[in-house]
Amino acid sequence: MADFGLYTYQQEVVERALKRENIIIWLPTGGGKTRAAVYVAKKHLETTQNAKVMVLVNKVHLVDQHYNKEFNPHLGLRYAVRKVSGESDEKDFFGLVVQDSDVVICTAQILYNALINKEEARHVELSDITLLIIDECHHTHKESVYNKVMRLYVEKKLKGEKPLPQILGLTASPGTGGAKTLDKAVEHVLEICANLDSAIVSTKQYAPELKKVVPRPRKTFNIVNKRDRDPFGDHLKSMMTIIHDYMDIPPDFKLRECGTQEYEADVVVLEQRGVRDNNRLLAQCALHLRQYNDALLINDTLRMIDAYRSLEEYYSTKSTMAIDGTDFFLLGLFEENQVELRNLARDSRFENPKMDELQSTLLKQFGSGVPSRGILFSKTRKSTHCLKDWVLKNRALKDAGIKADILTGAGNGITYMTQNEQAETIRNFRMGSLNLLISTSVAEEGLDIPECNLVVRYGLLTNEIAQQQASGRARARDSQYAVVAQAGGREHRRECINEYLEELTGKAIDRVQSMSHHEFYLKLSELQQKAIISSKIEESCKTEKRRSNTASSIQFLCRNCFTPVASGSDIQLVDNMQYVNVSPDFKNHYKVAERVILERSFEDWEPGCRIRCKKCNMEWGFEIKYKKHVLMPNLAIKNFALETPKGRITVKKWKDVPFTVEDFDYEEYCQENFPDLFG
């Protein structure tokens, strides 16, 4: 193993995998889990007849990273190594790609789609794979794609179907699954093991070497006292009180303290209740209160002007959506107070003291004369943009040589980054033209980011897994992990809880590892049988729920203005992906807006323009052009209310609609809508 560059602790954790046991490798961020997995893959390929290695990742950018950094450099000369993601054409004939390859690196969704797709060119069987490597495998729980793949595996295992691939999971922490006691944490770790049909392995004999290779950063709590006065925040709260009085909150509903995550959860429920009860006043007031609460949360974390701008941006679009007295009242309230809010936001006497502490934390590192590289973690994409704006306009930070840019998740929309932008930002950070990344959680997990000597967590409430992964980014010698938080505030409390949960995770894993072989695998079998039964019962209930309503008995309403716009029978599913309205009459209810630009292309469709409600201007989705000439509206279910025989409901995802959606039949659609072409 030495010729492969493995440390002794890595050799220790792969021993059981080399004996073809199913295992989870538990090593900290920076501990070399992926390198260890490549070594296992190499030995597997050398010693297994008709070997087929599949590497699953949970984020698209990790496909390229694992291919370019690890698997192809070490295995590409002797073996056919291929990478496939939703952005590559190979996904459309994935079954053939797997046949012609020795190693395939792909997103979990690609494999899952192939396992359930019976079309020959796309289909894959679990028995085709001899080694299945699952990166960031702590995500193998509940309804994650990893768990859907492994559920198919466990079902086959329990039925005695063979062959099945060897499993190799990789994680920096399985976490406690929300458990606060040791017994419950042990139960969670066992569930992860059961879901992966694997034992969890860590270094015991060579732990000192691991500590030397992956040193823990020096942790500091940079505590800030609360603002003495907050006239901007107080003014926002007084406006919220006016809305509370106007909306006539139901007597059985109590809102918690504004400016908190709990309040946000309350107004989300209130909006749903307003929609359900046909009470537009309640629903709209709740939506606006959420924006004011967001502004309070921003005011608590960032600059007052950032909070003001978030409201200004929201209300800039509202004038085109006003349709009744409620809208005009809410719009008028903001406009009447806009000048006062703007003036308060610009009053430097009441600026957020956390920003001063953040500046001090950055200057201590970057102004020390030591070449520095850091990551500043923040909660939302919006907050990263605000922090970048602050850094660029801050003279002291500029003089200290800080060159910052943002790193957020990939997607479509103004605040998202493209895959290419992500790669370029990380490349610039590695080359040194950037020395500070302002990032959301995307940089916590998996990304190959160079060693940093400063990691700052700012305005974050996350779990112990995210905390450990963020801490693991501070890998340089004498590095610092800093938490900037208000004295006794929620971030400070959460960070302390996470420290306890990190310790609890370690104790839970020790307990699991100390179980006898017989006891451990008996428990795994019991948990697996229980999980399969629960999954089948849940699926049966969903099927029953969908069967209880005919599609034609469901009416779609615009979620904003409650206008009836479609029937459930108008909705069809295109290629198991797009939910479209096939009724020609639907055009009468929407207007076309700006064109949708997507970075990637698709085999059978391309995006058209966004569509908005004709009456209230609410966005509903976007048109797609299918097979070059069929134009259909693709709908986002969260933007609609559903009138059912049992009352009005809202759902977040299409899988939760209470009726069966028919599959789209292209030929049938063309015959109905273009009869002249078919004579």
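This one's a predicted model, so the numbers in the text were calculated from it and none came from an experiment.
Atoms CG and CG, on Leu376 and Leu436 in that order, are 6.0 Å from each other to the nearest 0.5 Å. Of the inter-residue distances, the one linking Ile116 atom CD1 with Asn576 atom CG reads 6.0 Å to the nearest 0.5 angstrom. With values rounded to the nearest 0.5 angstrom, Asp102 atom CG is found 10.5 Å from His44 atom NE2. In this structure, SG on Cys137 lies 5.0 Å from CG on Leu196, to the nearest 0.5 angstrom. Rounding to the nearest 0.5 angstrom, the gap separating the CG atom in Asn498 from the CG atom in Leu504 is 11.5 Å. Note that the CG atom of Leu434 and the CD atom of Glu424 stand 9.0 Å from one another [nearest 0.5 Å].
Contact check on Glu209 versus Lys212 returns no salt bridge, with no Lys/Arg side-chain nitrogen under 4.0 Å from an Asp/Glu carboxylate oxygen. At a threshold of 4.0 Å, the pair Lys83-Glu90 does not count as salt-bridged, since none of the basic side-chain nitrogens sits closer than that to a carboxylate oxygen. A salt bridge does not link Lys59 to Glu136: none of the charged side-chain nitrogens sits closer than 4.0 Å to a carboxylate oxygen.
With contacts defined as side-chain heavy-atom distances shorter than 4.5 Å, the pair Ser479/Leu454 does not qualify. With a 4.5 Å cut-off on side-chain heavy atoms, Phe94 and Val104 count as touching. Proximity of Cys106 to Leu56: side-chain heavy atoms (C-beta onward) are separated by under 4.5 Å at one or more points. Within the 4.5 Å cutoff, no side-chain heavy atoms of Leu131 are placed close to those of Pro165. Using a 4.5 Å heavy-atom cutoff, the side chains of Phe71 and Pro73 are not in contact. Here the side chains of Leu170 and Ile134 are not in contact, with every heavy-atom distance at 4.5 Å or above. Within the 4.5 Å cutoff, the side chain of Val84 has no heavy atoms near those of the Val98 side chain. Side-chain atoms of Gln166 and Val53, non-hydrogen and from C-beta on, never get closer than 4.5 Å to each other.
Stacking of Arg373 on the aromatic ring of Phe429 is recorded, both the 6.0 Å distance cut-off and the 45° axial limit being met.
Under 3.5 Å, the side chains of Tyr67 and Arg82 contain no donor-acceptor pair of N or O atoms. Checked by atom type, the side-chain pair Tyr79/Asn72 shows no donor-acceptor distance below 3.5 Å. For the 3.5 Å distance criterion, the side chains of His141 and Asn195 fail to qualify, holding no donor opposite an acceptor. Remark: the His123 side chain and the Glu125 side chain contain an N/O donor-acceptor pair separated by less than 3.5 Å. For the 3.5 Å distance criterion, the side chains of Lys204 and Gln513 qualify, holding a donor opposite an acceptor. For the residue pair Ser173 / Glu502, no side-chain donor-acceptor distance below 3.5 Å is found, with atom types taken as modelled. Inspection of the Thr34 and Glu70 side chains reveals no N or O donor paired with an N or O acceptor under 3.5 Å. Side-chain contact check for Thr47 and Arg20: at least one donor-acceptor pair (N or O, by modelled atom type) lies under 3.5 Å. At a cut-off of 3.5 Å, with distance as the only test, a side-chain donor of Thr171 or His138 sits close to an acceptor on the other residue.
Between the side chain of Asn68 and the backbone N or O of Asp64, at least one donor-acceptor pair lies under 3.5 Å. A donor-acceptor pair under 3.5 Å links the side-chain atoms of Tyr146 to the main chain of Asp135, judged by distance alone. The main-chain N or O of Pro163 is never found under 3.5 Å from a side-chain atom of Ser127 such that the two would form a donor-acceptor pair. No donor-acceptor pair under 3.5 Å is formed between the side chain of Trp26 and the backbone N or O of Ile200. A donor-acceptor pair is defined here as one N or O able to donate and one able to accept, closer than 3.5 Å; such a pair exists between the side chain of Asn435 and the backbone of Lys403. Remark: side-chain polar atoms of Gln422 are not paired, donor with acceptor, to backbone N or O of Met417 under 3.5 angstrom. No side-chain donor-acceptor contact under 3.5 Å links Thr408 to the backbone of Arg381. Checking side-chain atoms of Lys142 against main-chain N and O of Asn147 turns up no donor-acceptor pair under 3.5 Å. Here the side chain of Gln365 pairs no donor or acceptor atom with the backbone of Leu362 at under 3.5 angstrom. Remark: the backbone N or O of Pro607 is paired with a side-chain donor or acceptor of Arg595 at under 3.5 angstrom.
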Val201 and Glu21: CA distance, side-chain angles, deciding distance, side-chain contact (heavy atoms from CB on, under 4.5 Å) verdict: CA-CA 11 Å; Val201 173; Glu21 288 185 50; over 6 Å; no
Residues Lys157, Gln528; criterion side chain to side chain donor-acceptor pair (under 3.5 Å); working and verdict: CA-CA 10 Å; Lys157 177 210 162 186; Gln528 288 171 343; 2.8 Å; yes
Audit row: Glu503, Lys507, salt bridge (Lys or Arg N to Asp or Glu O under 4.0 Å) steps and yes/no: CA-CA 6 Å; Glu503 194 179 314; Lys507 288 178 180 175; 3.5 Å; yes
Salt bridge (Lys or Arg N to Asp or Glu O under 4.0 Å) assessment of Lys42 paired with Glu46: CA-CA 6 Å; Lys42 178 176 179 286; Glu46 289 170 354; 2.9 Å; yes
Step-by-step salt bridge (Lys or Arg N to Asp or Glu O under 4.0 Å) determination, Glu539 to Lys542: CA-CA 5 Å; Glu539 191 52 48; Lys542 282 182 182 175; 5.1 Å; no
Derivation of the side chain to side chain donor-acceptor pair (under 3.5 Å) call for Asn634 and Tyr626: CA-CA 11 Å; Asn634 171 44; Tyr626 188 66; over 6 Å; no
Derivation of the ring pair (Phe, Tyr, Trp, His ring centres under 6.0 Å) call for Tyr579 and Trp654: CA-CA 8 Å; Tyr579 288 84; Trp654 278 103; 4.4 Å; yes
Verdict with reasoning, Tyr481 to Arg216, per side chain to side chain donor-acceptor pair (under 3.5 Å): CA-CA 9 Å; Tyr481 171 77; Arg216 297 277 293 195; over 6 Å; no
Residues Arg122, Phe93; criterion side-chain contact (heavy atoms from CB on, under 4.5 Å); working and verdict: CA-CA 5 Å; Arg122 301 185 185 212; Phe93 44 90; 5.7 Å; no
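In terms of the salt bridge (Lys or Arg N to Asp or Glu O under 4.0 Å) criterion, residue partners of Asp405 (sequence neighbours excluded) are, by chain and number, Lys388.
Between Leu210 and Gly31 the shortest heavy-atom distance is CD1-CA, 4.5 Å. Contact detail for Ser85 and Val63: the closest heavy-atom pair is CB-CG2, 4.2 Å. Between Gly459 and Thr301 the shortest heavy-atom distance is CA-CG2, 3.9 Å. Residues Val14 and Ala36 come closest through the heavy atom pair CG1-CB, 3.7 Å. Nearest heavy-atom pair across Leu524 and Ala194 is CG-CA, 3.7 Å. Closest heavy-atom contact between Cys452 and Ile375: SG-CG1, 3.7 Å.
In this structure, Tyr153 places its OH atom where more than 12 heavy-atom neighbours from other residues, nucleotides or ligands lie under 6.0 Å away. Enclosure of atom CD in Glu143 by more than 12 non-hydrogen atoms of other residues, nucleotides or ligands within 6.0 angstrom is indicated.
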